[in-house]
2 protein chains.
Amino acid sequence: MARKTGSRAEITGPLIRQAALSLFARHGYGAVSMRRIAAEVGVQAGALYLYTRDKQSLLFELMRVHMEELLAAWAAEPKGETAPARLAAFARFHIRFHLERPEAVFLAYMELRSLAPENFARIEALRQQYEGELAQILAAGQQAGQFRIADLRLTTMSIIAMLTGVNTWYREGGRLSRDEVGEIYADMVARLVAPESGDARVYAGEHIGDHIAEK
Amino acid sequence: MARKTGSRAEITGPLIRQAALSLFARHGYGAVSMRRIAAEVGVQAGALYLYTRDKQSLLFELMRVHMEELLAAWAAEPKGETAPARLAAFARFHIRFHLERPEAVFLAYMELRSLAPENFARIEALRQQYEGELAQILAAGQQAGQFRIADLRLTTMSIIAMLTGVNTWYREGGRLSRDEVGEIYADMVARLVAPESGDARVYAGEHIGDHIAEK
DNA sequence: GCTTGGCATGAACGCCCGTTCAGTTAATCA
DNA sequence: TGATTAACTGAACGGGCGTTCATGCCAAGC
């Protein structure tokens with residue numbers, strides 16, 4: 001076989017995925033043509049088919065890789081011992097990870113409708129796996145009496161939504177750094193499940209300060 | 001002029017907007033053709049141009065009407081006197097209004113990128129007006145010592161995001177009714193800004209129970 | 001019952017679509 | 001140096017795109 005060192009394919013492949021990601025996120029899957037992606041890379045449309053079976057696979061692979069990177073990164077994240085510590089770690093991690101790749105996040109949330117049914121099911125399964133990670137933290141804290149949670153699923157969805165929502169308004173160079181935003185959200189999430197408010201004063205104990213005082 | 005009573009236009013116009021709304025929401029603006037909208041209505045593509053200047057205006061009008069209905073509905077909503085009561089009213093209203101028109105909500109959030117710049121600016125202004133309504137409630141409650149808010153803007157965005165997030169998972173006929181979801185979220189939102197948690201015990205006073213006990 | 005005009009057709013405009021494939025190029029190995 | 005082959009081109013396929021417009025239909029008003 002010829003041409004190994006400095007192979008063009010090792011460059012062109014990632015360039016195509018990057019261009020597709022950016023264009024899909026900015027204009028929508030249905031509004032972006034293969035010719036436009038190719039032009040962005042500096043190549044003819046036909047060349048794209050050396051790297052992807054078709055347009056649908058290109059979209060699916062972008063979303064699959066994103067979700068698997070998300071799960072892998074969370075698995076590798078230091079999480080702490082107690083449920084409050086793990087919840088704060090989740091909030092900080094989620095915001096950091098998502099702010100680092102806004103286009104992939106936008107794509108993964110907005111273009112689910114553009115996936116063929118079996119591809120949709122696979123991405124949906126990965127998303128539920130990630131939500132399960134948060135749900136486990138909440139359930140553990142609830143059982144330990146460290147959290148007060150009216151409804152586990154609704155609380156899980158609320159937290160995911162408010163954390164992911166950061167991507168819709170955060171702008172680099174704005175009033176707050178990413179880490180500052182992460183801290184404030186870790187605090188807000190803690191308050192959302194804090195047991196010591198209102199009539200639940202009975203839960204107040206030594207764990208207070210684990211997740212509040214860091215703000 | 002001829003043909004006034006039972007005019008076809010009074011039927012076809014709304015049908016076109018409904019078909020466009022549904023198709024745009026399900027497949028994306030860029031992926032839906034004028035011919036497909038026309039087919040849904042049972043008309044030829046050319047007839048659409050008796051009702052809209054072009055495809056872009058069709059999208060913009062759907063989003064503009066949605067946002068203006070949202071603002072008008074909130075303006076007409078009974079809101080209560082105190083900040084905690086107004087916040088709970090906002091949460092219940094937001095969830096009810098948004099669950100009643102999931103396609104319009106999806107469109108208004110997902111297809112901002114498909115708007116021409118001046119149309120985008122107009123929709124964005126309406127959205128900020130709505131966010132301002134929530135921000136005012138939070139600011140008033142903060143000044144009155146009824147809320148503890150680390151960051152007004154981040155709290156506003158968090159609440160909007162978690163409330164709107166309901167649309168991504170709520171399914172009719174599921175475990176909870178719309179009203180039950182509204183109540184649980186009103187409670188979660190209240191806890192997010194509650195002053196009496198952790199080291200802020202000093203704020204605890206007669207207002208406790210205004211917004212917690214209703215759950 | 002004839003005229004009027006609101007409502008719609010359907011053909012046409014020039015252009016872009018996703019995908020395939022025979023052919024060209026050029027870097028590498030024998 | 002010549003053979004090999006990965007990487008890419010460019011044309012072609014059938015079809016769909018947004019929009020315009022000359023034309024026609026038919027219910028309402030006189």
Side-chain angles (χ1 to χ4, degrees), chain A residues 1-24 26-63 107 111 113-117 119, chain B residues 1-24 26-63 107 111 113-117 119:
Chain A
M1 71 223 79
R3 189 171 315 177
K4 278 211 302 265
T5 63
S7 165
R8 301 273 310 140
E10 287 162 17
I11 299 169
T12 306
L15 280 182
I16 288 172
R17 285 184 287 275
Q18 174 54 48
L21 170 61
S22 182
L23 288 169
F24 286 163
R26 279 184 292 158
H27 306 290
Y29 175 77
V32 173
S33 69
M34 295 298 267
R35 276 170 242 261
R36 183 138 173 223
I37 297 168
E40 192 87 0
V41 178
V43 112
Q44 293 300 311
L48 300 186
Y49 291 85
L50 295 167
Y51 300 92
T52 185
R53 196 155 48 76
D54 51 25
K55 195 186 175 190
Q56 167 73 204
S57 301
L58 189 50
L59 174 65
F60 172 64
E61 278 303 302
L62 288 171
M63 294 171 81
L107 198 72
E111 294 295 354
R113 64 188 174 190
S114 302
L115 288 173
N119 289 340
Chain B
M1 70 224 77
R3 188 171 316 176
K4 278 209 303 263
T5 65
S7 165
R8 303 268 313 135
E10 287 162 16
I11 300 170
T12 307
L15 281 182
I16 288 172
R17 284 185 287 276
Q18 174 53 48
L21 170 60
S22 183
L23 288 169
F24 286 163
R26 280 184 290 157
H27 307 289
Y29 175 76
V32 174
S33 70
M34 294 299 267
R35 277 169 242 260
R36 182 137 175 224
I37 297 168
E40 193 87 359
V41 178
V43 110
Q44 293 299 313
L48 301 185
Y49 291 85
L50 294 166
Y51 299 92
T52 184
R53 197 155 47 77
D54 51 24
K55 193 185 176 191
Q56 168 74 202
S57 302
L58 189 49
L59 174 66
F60 171 65
E61 278 304 303
L62 288 171
M63 294 171 81
L107 198 73
E111 295 294 355
R113 65 187 173 191
S114 302
L115 289 172
N119 289 340

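In this structure, A:Tyr49 places its OH atom 13 Å from C1' of C:dC21, rounding to the nearest Å. Atom pair B:Gln44:CD and D:dG24:C1' shows a separation of 14 Å (rounding to whole Å applied). Across the protein-nucleic acid pair, B:Ile37 atom CD1 and D:dC17 atom P stand 10 Å apart, rounded to whole Å. Across the protein-nucleic acid pair, B:Asp54 atom CG and D:dT20 atom P stand 8 Å apart, rounded to whole Å. In this entry the distance linking NZ of B:Lys55 with P of D:dT20 reads 15 Å, nearest Å. Look at CD1 on B:Ile11: it is 11 Å from P on C:dC7, rounded to the nearest Å. Remark: P of C:dC15 and CZ of A:Arg36 are 18 Å apart, rounded to the nearest angstrom. Residue B:Arg53 contributes atom CZ, which lies 14 Å from atom C1' of D:dG18 at whole-angstrom precision.
Side chain of B:Leu50, nearest nucleotide from C:dA8, D:dG18, D:dC8: C:dA8.
Both A:Arg35 and A:Ala47 sit near DNA chain D, but only A:Ala47 has its closest nucleotide nearer the 5' end.
Contact check, A:Thr12 against D:dA7: no side-chain N or O comes under 4.0 Å of OP1 or OP2. Listed pair B:Tyr51 / C:dA8 meets the phosphate criterion, a side-chain N or O lying under 4.0 Å from OP1 or OP2. Dashed line: the shortest gap from a side-chain N or O of A:Ser33 to OP1 or OP2 of C:dC17 is under 4.0 Å.
For A:Leu15 against A:Val41, the heavy-atom pair with the smallest separation is O-CG2, 3.7 Å. Of all the heavy atoms in A:Leu115 and A:Gln56, the pair that sits closest is CA-OE1, 3.4 Å.
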Run the numbers on A:Glu111 and A:Lys55 for salt bridge (Lys or Arg N to Asp or Glu O under 4.0 Å), then give the verdict. CA-CA 13 Å; A:Glu111 294 295 354; A:Lys55 195 186 175 190; over 6 Å; no

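Distance check: A:Leu48 CG to A:Arg53 CZ gives 15.0 Å after rounding to the nearest 0.5 Å. Summarising the geometry, atom OG1 belonging to B:Thr52 is positioned 10.0 Å from atom CG belonging to B:Leu59; distances are rounded to the nearest 0.5 Å.
Counting non-hydrogen atoms under 4.0 angstrom, B:Val32 reaches the backbone sugars and phosphates but no base.
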